[in-house]
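For reference, the structure is listed below as structure tokens.
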Amino acid sequence: MRKVLMPSVTFTKSETEFTFRDVISLLECRDNMKFGCKTGNCGLCRVKVLSGIENITSITTKERRLFKVLEIEDPDIRLACQCKITGDVTLIENFLE
């Protein structure tokens, strides 16, 4: 029987890994992250993607608006509450520069 590898999200600060079968929201990884509003308005759930950015849904309008206010221009920083993950990703959780 062939072993099926499941995609995963690796959290570098907590040194943990969350595996999943299909597309997930990072909101499902609550044990590994801190969330504030969960709607893209506060920025508490910022993450820095170290690898696998291609496995995350495109940046949302809410993220663009908040990042403009916060003057964040790094394309590897995302709001976890706005991200859906489709494959392997490694990130720094709660990345508050």
Using side-chain heavy atoms (C-beta onward) and a distance below 4.5 Å, is Thr16 in contact with Cys29? no
Closest heavy-atom pair, Phe35 versus Cys45, reported as atoms and distance to 0.1 Å, is CD2-CB, 3.5 Å
Hey, are the side chains of Leu26 and Leu91 touching, using non-hydrogen atoms and a 4.5 Å cut-off? yes
Indicate if Ile56 and Ile72 have the same hydrophobic cluster label, given that clusters are the connected sets of ILVMFWY residues with side-chain heavy-atom separations under 4.5 angstrom. no
Is the backbone N or O of Thr57 less than 3.5 Å from a side-chain atom of Arg78, with the two atoms forming a donor-acceptor pair by type? yes
Single-linkage hydrophobic cluster Val89~Ile24, side-chain heavy atoms < 4.5 angstrom: yes
Verify the cluster assignment for Leu70 and Ile59: are they in a single hydrophobic cluster under the rule of side-chain heavy atoms below 4.5 Å apart? yes
Might you point out which heavy atoms bring Cys42 and Gly36 nearest each other, and give the distance in Å? SG-CA, 3.9 Å
Determine yes or no for a side-chain-to-main-chain donor-acceptor pair under 3.5 angstrom, with Lys48 supplying the side chain and Ile92 the backbone. no
Which pair of non-hydrogen atoms, one from Ser8 and one from Asp88, has the smallest distance, and what is that distance? N-OD1, 2.8 Å
Would you find a donor on one side and an acceptor on the other, under 3.5 Å apart, between the side chain of Ser25 and the backbone of Lys84? no
Lys62 side chain to Gln82 main-chain N or O, any donor-acceptor pair under 3.5 Å? no
Please tell me whether Leu27 and Phe18 are part of a single hydrophobic cluster in this structure, the criterion being side-chain heavy atoms less than 4.5 Å apart. yes
Tell me, with the steps shown, if Phe11 and Val47 meet side-chain contact (heavy atoms from CB on, under 4.5 Å). CA-CA 10 Å; Phe11 298 92; Val47 296; over 6 Å; no
Going through the checks in order, is the side-chain contact (heavy atoms from CB on, under 4.5 Å) test met by Asn32 and Val9? CA-CA 10 Å; Asn32 299 87; Val9 179; over 6 Å; no
Tell me whether Leu50 shares a hydrophobic cluster with Leu79, the cluster being built from Ile, Leu, Val, Met, Phe, Trp, Tyr side chains joined at under 4.5 Å. yes
Does NZ belonging to Lys34 count more than 12 external heavy atoms closer than 6.0 Å? no
Within a 6.0 Å radius of atom CD on Glu54, are there more than 12 heavy atoms belonging to other residues, nucleotides or ligands? yes
Using 0.5 Å steps for rounding, measure from the OG atom of Ser58 to the CZ atom of Arg64. 8.0 Å
Side-chain donor/acceptor of Thr86 to backbone N/O of Asn55, under 3.5 Å: yes
Nearest non-hydrogen partners of Phe20 and Met6, listed with the distance: O-CB, 3.4 Å
